[in-house]
Amino acid sequence: MSDYAITIAGLEKYYGSFKALYGVNLNVNRGEILGFLGPNGAGKTTTIRCILDQIRPQKGTIQVFGINPQVNPSLVHEFTGYLPGELRLEDNFRVDQQLKYFSKLRGNQFDWSYVEELAHRLNLDLIRSIKNLSSGNKQKVGLVQALMHKPDLLLLDEPTAGLDPLMQQEVYKLLREAQSEGATVFFSSHIISEVEALAERVAIIRGGKIVKESTPELLTEMAIRRVKIRFLEPIQEDLFNAIEGVTLVSSRNGLEVTIQVEGDLDRLIKTLASYPVKDLVTASRSLEDIFLKYYESDPGEVT
Amino acid sequence: MIVELIYTLRRNRGQIFGWSLGLVLYSALMSSMYSDIALIDFDAFLGYYPEDMLAFFGESFSAINSPHGYLDLYFFGYMTIIVGIFSVGAGAKLIVKDEEDGLLDLILAYPKSRSAVFWGRVFGYILTVMSILIVAWLSWAIPSGSSGLNLTAGELLKPFWGLLGQLLLFGSFALLLSMLLPAARIASMITGGLLVGNYLLIGLANINQDLKSIVEYTPLHIYQGGYAILGINWDNLMIVLGGVLLFLLLAWWRFLLRDLRVAGEGGWKLMENFSLRKKK
């Protein structure tokens with residue numbers, strides 16, 4: 001068996017003459033939660049659909065727990081729970097009928113009481129008609145069907161889309177519980193706070209290529225932050241140019257200065273120690289900064 | 001496969017009920033009128049009709065006061081078009097409707113092969129069409145004695161085989177087109193047009209002999225209609241069923257090899273649809 005839950009190497013996918021994936025390389029460790037971050041159209045869904053063999057790449061290989069999904073898709077699907085990005089359900093069914101249909105597709109090989117437990121935790125009414133459900137409640141049905149057989153691999157395309165903040169927290173809890181039971185979670189998102197809250201590792205995809213792979217902590221360490229300093233008396237603005245990683249953004253008569261700092265604040269603080277500082281405000285670093293850094297010159301959308 | 005078969009039947013239950021009810025009411029009305037029509041001297045009556053109109057409807061017009069001519073003119077002749085519209089729509093939507101809606105994405109992420117999904121649905125579709133025809137057959141067979149048709153259930157069953165063959169032929173062709181064309185509605189529209197066109201062409205060929213050579217190669221040309229009561233042409237029926245099988249196999253092959261579409265994806269890029277996925 002492979003050490004990785006998912007191995008993707010040199011994945012290229014064209015839609016007609018349009019190139020959607022430009023050689024995606026990505027390894028997902030067993031038992032980890034990996035956030036697949038990217039804006040709409042970056043290639044997240046295309047990658048997930050290739051993993052499930054719903055579409056075939058022109059180049060590259062994929063292995064899921066050492067199995068090629070193109071050779072044995074049913075086996076891969078057997079231990080995978082999938083939530084599509086655009087979830088559609090059968091409007092003429094009730095929630096329980098829809099879930100029982102999905103359960104039959106898996107050969108009824110699991111405990112229905114777990115479905116009831118999941119529905120209870122997500123506050124989902126099992127006897128309501130699908131057509132009367134809000135988009136958030138439909139998303140809950142999608143989550144229940146992905147989790148109900150306790151899969152080894154969860155492929156979730158924007159798992160909390162349409163859910164209120166309380167339910168989002170419950171979903172994070174459910175996914176962490178799944179991980180603690182040994183599941184690997186691969187989820188795509190364009191919501192940075194979600195990735196920060198849940199992922200152990202992040203892969204950023206841009207224009208069909210992985211541009212960064214790291215932990216959320218390391219990524220935020222690298223993020224640029226803004227610092228506003230007020231001085232008791234005017235200072236020489238060019239002192240900031242001498243500090244590595246610091247860029248002056250604006251200054252008001254040398255009394256109120258805004259700077260950008262890349263990396264940690266140690267050198268800045270030590271330099272400021274010899275000046276009369278009245279106040280210092282620093283914006284909290286977030287993954288959003290690094291995300292925007294990678295996307296500020298997005299070349300265009302990918303399907 | 002069984003799960004998909006039941007799922008298809010369940011989804012079509014409203015269609016089965018609606019179409020069956022309509023056919024029961026129509027058959028009841030038409031069979032109640034036969035005893036009166038059988039007594040009319042149609043030779044004198046038909047003399048008042050324009051020759052072209054009589055030619056358009058073919059020989060069944062002159063045989064209207066016989067059970068097979070009456071059934072052909074008032075039931076089997078029309079049903080290829082009427083139930084055919086349902087069959088074509090159901091065939092075109094069988095797989096691709098869910099694909100266009102984005103539901104197939106999820107279904108095919110379950111441990112069921114594409115073949116199981118395809119054939120489960122195809123058998124569900126065939127059973128749906130058969131269910132409607134069985135109800136129609138019963139609604140003619142049960143009052144057959146009292147209506148004056150005096151045909152046995154077995155005799156009445158014969159023309160239904162030909163009708164079933166034609167409905168499945170056009171339905172399976174719509175299914176095949178839905179795999180090749182970018183949208184189910186385009187497949188349905190084209191096949192429906194071919195069905196209606198074929199029906200009109202058969203009638204027009206009775207008026208214009210030049211059209212006969214074209215009509216000979218169309219499916220409805222070998223459709224017996226009510227005349228199958230006098231004896232089924234098994235060769236023609238096998239040709240039609242062979243065509244059904246061919247279209248289904250081609251559609252299946254195409255479904256196995258192509259990418260699943262995303263909801264809303266598509267366009268008139270027909271040639272791109274022929275590019276095959278590489279098997280690893």
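What you are looking at is a predicted structure, and each value in this text was computed from that prediction instead of being measured. Just so we're on the same page: letters track the sequence lines, and every chain starts at 1.
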### Summary
Assert top hit (heavy-atom pairs under 4.5 Å, partner chain A, pool B:Val117, B:Val3, B:Ile107, B:Leu106) equals B:Leu106
### Query
Under 30°, 30 to 60°, or over 60°: which ring-plane class applies to A:Phe102 and B:Tyr110, parallel, tilted or perpendicular?
parallel
### Summary
Checked A:His77, A:Arg106, A:Lys104 vs chain B; the most non-hydrogen pairs under 4.5 Å come from A:His77
### Query
How long is the gap from OH on A:Tyr22 to CG on A:Leu11, to the nearest 0.5 Å?
13.5 Å
### Message
Between B:Asp98 and B:Arg121, does any NZ, NE, NH1 or NH2 come within less than 4.0 Å of an OD or OE carboxylate oxygen?
### Response
yes
### Query
Is it the backbone or the side chain of A:Lys13 that comes under 4.5 Å from a heavy atom of chain B, or both, or neither?
side chain
### Query
Is it true that B:Tyr7 and A:Tyr101 have ring centroids separated by less than 6.0 Å?
yes
### Contact class of A:Leu87 relative to chain B, heavy atoms under 4.5 angstrom
side chain
